[in-house]
Each structure stands twice: as C-alpha cells, then as structure tokens.
Amino acid sequence: MRVFVAGATGAIGRQLVPRLVEAGHEVHGMTRSKSNEATLDELGAVPVVADALDPDQVAEAVGRAKPDVIVHQLTALAGEGMRDLKRRLAITNRLRTEGTDHLLSAGQAVGVRRFVAQSVAVYARTGGPVKSEDDPLDLTPPGRQREAAAAMLHLEEAVLGAEWTEGIVLRYGGFYGPGTGMGPGGDMHEMIRKRRFPLVGDGGGVWSFIHIADAAEATLAAVEHGTRGVYNVVDDDPAPVAEWLPALTRMLSGKKPRRVPRFVVRLAAGEFGVLMMTEARGASNAKAKRELRWSPAHPSWRQGFAAA
Ligand SMILES: NC(=O)c1ccc[n+]([C@@H]2O[C@H](COP(=O)([O-])OP(=O)(O)OC[C@H]3O[C@@H](n4cnc5c(N)ncnc54)[C@H](OP(=O)(O)O)[C@@H]3O)[C@@H](O)[C@H]2O)c1
C-alpha cells in the first residue's frame, strides 16, 4: 500500500517508517523542513515537505502521494521539561484539531481507505485502576490540560466519525525507549536520573507505558488490518507511580526518589502534575491484542526500562 505518514520524523515516526518499508509499503513521510529530507530518505520514505497547519499544502502533498492509508502522528511536544511548554501544548492542540481536519479533508479527496491517528490513554480518574476503550476519558483535567483534552477529543471524534474511511484511534501509553523523553538523554529520563522527579503523596496514580518500538509495531498492525475504533496501545503491566518511579530512579541514580509535598509539586507542575502522580488510571491492551493480533515484545516496563 501507499502510506502517508504525517509526523514521520518524530519519536514514533522514526520507528514506524522503516517497519512499513520492511513490510513492503511505499511510504511518503511528511516534515516541515527541507533539512529533514535526508533523514526521511535514510528511513526509506519519499520525503514530502509541507506544513500540517496549511490546508493547501496538506491537500497538495496528499494529492501528489495518493495514499491508501494516512497515519497522523503530529505533535509539537519536543523540548525540555517545563520550558516553553505552554507554547508547545498550544501548537500540539492546533495539530490535533486543525491538523486532523486538514489531513482528513485531503484524505477524503483522494479516497484513503484507512486513517490511523495518535491519541493518549488518559482516562477519567474514577472507578477501578485499569481502563478499557469503553471507559470515559478524563475530559475535565485542571489548568491548560483542559484545552489539550478538548483537542484530543476533537481528533478522536473527527477520525471515528469519518464514515468514508476506516478511522482508527490509537491511545498510546507513556512512550519510553530511543528518541522519547523517557529514553537516554530525554528530559524525563534526565529529571529522574537527577532525582528531580519526586514521589508525591502515596504515589497511587497508575501509569501505563509502552516501548516506542512496540508502539510502532501496533501502528503497523493498525495500518494493515485494524478496523474502525479505538485501541489502547500499552504494555501488560499498568503500575502505580509508587512502584515504577522508585524502580526507575534506583536504576538511573542508584538512589530512592525524593519525596515532595503536594503544594511544592502544585507550584512546579500544576494541579495536573499532582493528579497524574496520585490519581491517574492505567489502561488495558486486551482489545489491541485480540483485534490487531499484536502483542508487545516488552510486556512490562520492569524489563523494558532496563533493556532501553
Ligand atoms: N504517548 C506518549 O508518551 C507521547 C506521545 C507523543 C509524544 N511524546 C513525547 O513528546 C516528545 C516529542 O515527541 P516527538 O519526538 O514525536 O517530536 P515532535 O517535535 O513533537 O514532532 C512530531 C512530528 O510532528 C511533525 N510536525 C510537527 N509540527 C508539524 C507541522 N506544522 N507540519 C508538519 N509536520 C509537523 C514533526 O516533523 P518535523 O519536525 O520534521 O517538521 C515530527 O515528525 C518525545 O519526548 C516523545 O516521547 C510522548
């Protein structure tokens, strides 16, 4: 198939493109900048330079590639820790609203058979610790996360509501591994290594992780045989912060994480930061395993962190 990957140079794009090529697909990889053309070429994709926020450029790029499938992995999250975060989140929100709409319109014009898009497994902080795709999302988080949740909802509704194509939403867990914030040199990796990522309260928030290579494998499966709907792409081992953070801090620094009172974290990372550490819910991958015929090579962060 011809596959058009928007976000081909990002953390997941770089893992996904070579896998698509290896599986025999013709990949067209989109980037904003000409300087990334060589990278895309090395990954095996036909480079396409276009700005995802410009509808005419997107229509022209997709019109030229005439893909069977579009994969939407656009974000603008790259950066360091909290620095410039407000701006990065605002652009990411635009990529998830306007960017999604432009890709869908361009895809409809050329009749793409399948549209696969990135979402996040952030479920409502009520009920049991591990959620399925049928459980409600957290649509009312505090602060600027409220707009992020609305943008994510827009993306999901637009993709699932596109009746002319097979719309597939992948709700990824927290990425780790090469090229991610949790990978060596990444901002979160460095914060944990320097013990600047503390335990808050009882650390009862449950997180679901996914190795970036496993996320790419699940995306390949969705491109090839997913059907309309939502899939959680997470590992088999959702775990409370009180378990995974000490394990990872010990691995990277040889010490325990620091403990910090809620009000300090609230000042540094906002109320949402506190809630992620104390109330977040994890996700189940049962549907993705069953219907995408996919299963993670790193079933647990316990071994996956060490391997990465
Ligand atoms: N579930 C998760 O845990 C999750 C999900 C997503 C991201 N993250 C984290 O966020 C951080 C950054 O993610 P990332 O490495 O994927 O980088 P990123 O800088 O967010 O870029 C992602 C992709 O979007 C493309 N893009 C952005 N704006 C564009 C525009 N206007 N037009 C065309 N393309 C555009 C980029 O292309 P060009 O730069 O080549 O133009 C790139 O290919 C990483 O630490 C990652 O782990 C985590």
Side-chain angles (χ1 to χ4, degrees), residues 4-17 27-43 45 47-58 60-62 70-85 87-103 106 117-123 148 151-152 155 169-192 207-216 218-219 231-235 276 280 282-283 301 304 308:
F4 186 95
V5 181
T9 58
I12 180 137
R14 281 169 191 255
Q15 296 277 336
L16 174 64
V17 169
V27 181
H28 296 252
M30 186 166 96
T31 173
R32 267 164 302 184
S33 80
K34 271 196 99 44
S35 61
N36 281 334
E37 280 184 320
T39 305
L40 286 165
D41 201 46
E42 274 166 36
L43 293 171
V48 180
V49 179
D51 180 351
L53 295 174
D54 181 324
D56 296 334
Q57 288 187 30
V58 174
E60 202 199 316
V62 172
I70 291 180
V71 182
H72 174 1
Q73 299 286 355
L74 297 165
T75 66
L77 297 171
E80 280 179 38
M82 304 297 283
R83 194 181 308 152
D84 208 18
L85 186 61
R87 190 187 65 85
R88 288 185 273 139
L89 286 175
I91 299 176
T92 299
N93 291 344
R94 287 189 64 199
L95 290 167
R96 287 176 169 158
T97 51
E98 296 163 50
T100 303
D101 294 347
H102 301 336
L103 281 172
Q118 171 182 151
S119 183
V120 197
V122 181
Y123 285 96
M152 212 67 264
L155 176 148
V169 167
L170 301 179
R171 290 184 186 151
Y172 298 110
F175 289 160
Y176 69 92
T180 72
M182 290 279 279
D187 56 342
M188 209 161 142
H189 183 279
E190 285 306 290
M191 280 173 73
I192 294 171
W207 290 38
S208 275
F209 289 101
I210 189 73
H211 191 290
I212 194 76
D214 286 326
T219 311
Y231 301 85
N232 289 332
V233 176
V234 295
D235 75 7
M276 284 300 290
W301 54 270

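Atoms within a ligand are numbered from 1 in the order they appear, just like the ligands themselves. In this text, all values refer to a predicted model and were calculated from it rather than measured experimentally. FYI, side chains are in, hydrogens and waters are out, and symmetry mates aren't considered; it's all heavy atoms of this structure.
At least one heavy atom of Gly173 sits less than 4.0 Å from an atom of ligand 1. For Met188, the closest heavy-atom approach to ligand 1 does not fall below 4.0 Å. Using a 4.0 Å cutoff on heavy atoms, Gly174 counts as a contact of ligand 1. Ligand 1 has no atom lying under 4.0 Å from any heavy atom of Ala6. Look at Ala76 and you'll find a heavy atom under 4.0 Å from some atom of ligand 1. A heavy-atom separation below 4.0 Å is not found between Val120 and ligand 1.
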Check step by step if side-chain contact (heavy atoms from CB on, under 4.5 Å) holds for Phe175 and Met182.
CA-CA 7 Å; Phe175 289 160; Met182 290 279 279; over 6 Å; no
Quick one: do Val71 and Gln118 satisfy side-chain contact (heavy atoms from CB on, under 4.5 Å)? Show the steps, please.
CA-CA 8 Å; Val71 182; Gln118 171 182 151; over 6 Å; no
Apply side-chain contact (heavy atoms from CB on, under 4.5 Å) to Leu155 and Thr97, showing your working.
CA-CA 6 Å; Leu155 176 148; Thr97 51; over 6 Å; no
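Those atoms of ligand 1 with a heavy atom of Thr180 less than 4.0 angstrom away are 45 (O), 47 (O). For ligand 1, the atoms lying closer than 4.0 Å to a non-hydrogen atom of Thr9 are 36 (C), 37 (O), 38 (P), 39 (O), 40 (O), 42 (C), 43 (O). In the vicinity of Ala50, heavy-atom distances shorter than 4.0 Å reach the ligand 1 atoms 32 (N), 33 (C). Heavy-atom contacts of Gly181 reach the following atoms of ligand 1: 44 (C), 45 (O), 47 (O) (cutoff under 4.0 Å). Listed by number with element, the atoms of ligand 1 under 4.0 angstrom from any heavy atom of Ala8 are 43 (O). For ligand 1 and Ala52, the ligand atoms under 4.0 Å from any heavy atom of the residue are 30 (C), 31 (N), 32 (N), 33 (C).
In terms of protein heavy-atom proximity, atom 7 (C) of ligand 1 is closest to Leu77 CD1, 3.7 Å. From the protein, the heavy atom lying nearest to atom 12 (C) of ligand 1 is Ala78 N, 3.3 Å. Nearest to atom 24 (O) of ligand 1 among the protein's heavy atoms is Thr75 O, 3.3 Å. Counting only heavy atoms of the protein, atom 31 (N) of ligand 1 lies nearest to Asp51 OD1, 3.0 Å. Among protein heavy atoms, the minimum distance from atom 6 (C) of ligand 1 is reached at Gln118 OE1, 3.1 Å. For atom 34 (N) of ligand 1, the closest non-hydrogen atom of the protein is Leu74 CD2, 3.5 Å. The protein atom (non-hydrogen) at minimum distance from atom 23 (C) of ligand 1 is Gly7 CA, 3.6 Å.
In this model, no donor atom of one side chain and acceptor atom of the other lie less than 3.5 Å apart for Tyr176 and Asp235.
Using a 4.0 Å cut-off between heavy atoms, Leu95 contacts ligand 1 through its side chain alone, with no backbone atom that close. With a 4.0 Å cut-off on non-hydrogen atoms, Asn36 touches ligand 1 through its side chain and not its backbone.
Between Thr31 and ligand 1, an N or O atom pair is found at a separation short of 3.5 Å. The shortest N/O to N/O separation between Ala11 and ligand 1 falls below 3.5 Å. Not a single N or O atom of Ser33, backbone or side chain, sits closer than 3.5 Å to an N or O atom of ligand 1. Geometrically, ligand 1 and Phe175 share a nitrogen or oxygen pair separated by less than 3.5 Å. Polar contact check, Gly10 against ligand 1: a nitrogen or oxygen pair lies under 3.5 Å apart. The distance criterion of under 3.5 Å between nitrogen or oxygen atoms is met by Arg32 with respect to ligand 1.
Taking each heavy atom of His72 and Leu74 in turn, the nearest pair found is ND1-N, 3.3 Å.
Within the 4.0 Å cut-off (strictly below), a protein heavy atom is located near atom 29 (C) of ligand 1.
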